[in-house]
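One structure below.
Because the structure is predicted, anything quoted here is derived from the model rather than measured.
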Amino acid sequence: MYEYEESTEIIGSYCSLVVPYRGCSDGTVVGDYGIELVVHLANGKEIVVYRDEVIIYD
C-alpha cells in the first residue's frame, strides 16, 4: 500500500491535526509518503493523513 516512504526532515516533528481524530489532535510525524503522512497520535493510534490536514511544528 505505501511502498515509497521518503526520508525527510519532518519525520519526528510534532504536529496537530486540523480536524481532531476522535478527540485527539496532537501527535508526531512517523512516516512521509509524498502527499500523505503517517501520524502517531498522543492516544497511541497511528493514522494516515494528507499534508494539508496537519500543522507541522519546527
Exercise for the section: Give the intermediate values and the outcome of side-chain contact (heavy atoms from CB on, under 4.5 Å) for residues Leu17 and Ile47. Expected result: CA-CA 11 Å; Leu17 300 177; Ile47 62 171; 3.8 Å; yes
Handout entry: CA sep, side-chain torsions, deciding dist, call: Arg51, Leu37, side-chain contact (heavy atoms from CB on, under 4.5 Å)
Key = CA-CA 6 Å; Arg51 282 185 182 263; Leu37 300 173; 4.0 Å; yes
Practice task
Could you tell me which residues satisfy side chain to side chain contact (heavy atoms under 4.5 Å, CB included) with Asn43, sequence neighbours excluded, listed by chain and number?
Solution key: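 Asn43 satisfies side chain to side chain contact (heavy atoms under 4.5 Å, CB included) with Cys24, Leu41, Lys45 only.
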Exercise for the section: State whether the side chain of Glu36 and the backbone N or O of Tyr33 hold a donor-acceptor pair below 3.5 Å, judged by distance alone. Expected result: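 Here the side-chain-to-backbone pair does not exist.
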When hydrophobic residues are tied together by side-chain contacts of less than 4.5 Å, even through go-betweens, does [X] share a cluster with [Y]?
X	Y	value
Val49	Ile11	no
Tyr50	Val18	no
Val54	Ile10	yes

Fill in the blank from the handout: Of all heavy-atom pairs linking Cys15 and Val39, the shortest is SG-CG1, 3.6 Å
Practice task
Just jot down the side-chain hydrogen bond (donor to acceptor under 3.5 Å, both in side chains) partners of Tyr14, sequence neighbours excluded, or say none.
Solution key: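 Applying side-chain hydrogen bond (donor to acceptor under 3.5 Å, both in side chains) to Tyr14 gives none.
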Fill in the blank from the handout: With sequence neighbours left out, the residues meeting side-chain hydrogen bond (donor to acceptor under 3.5 Å, both in side chains) with Ser16 are Asp26, Tyr57
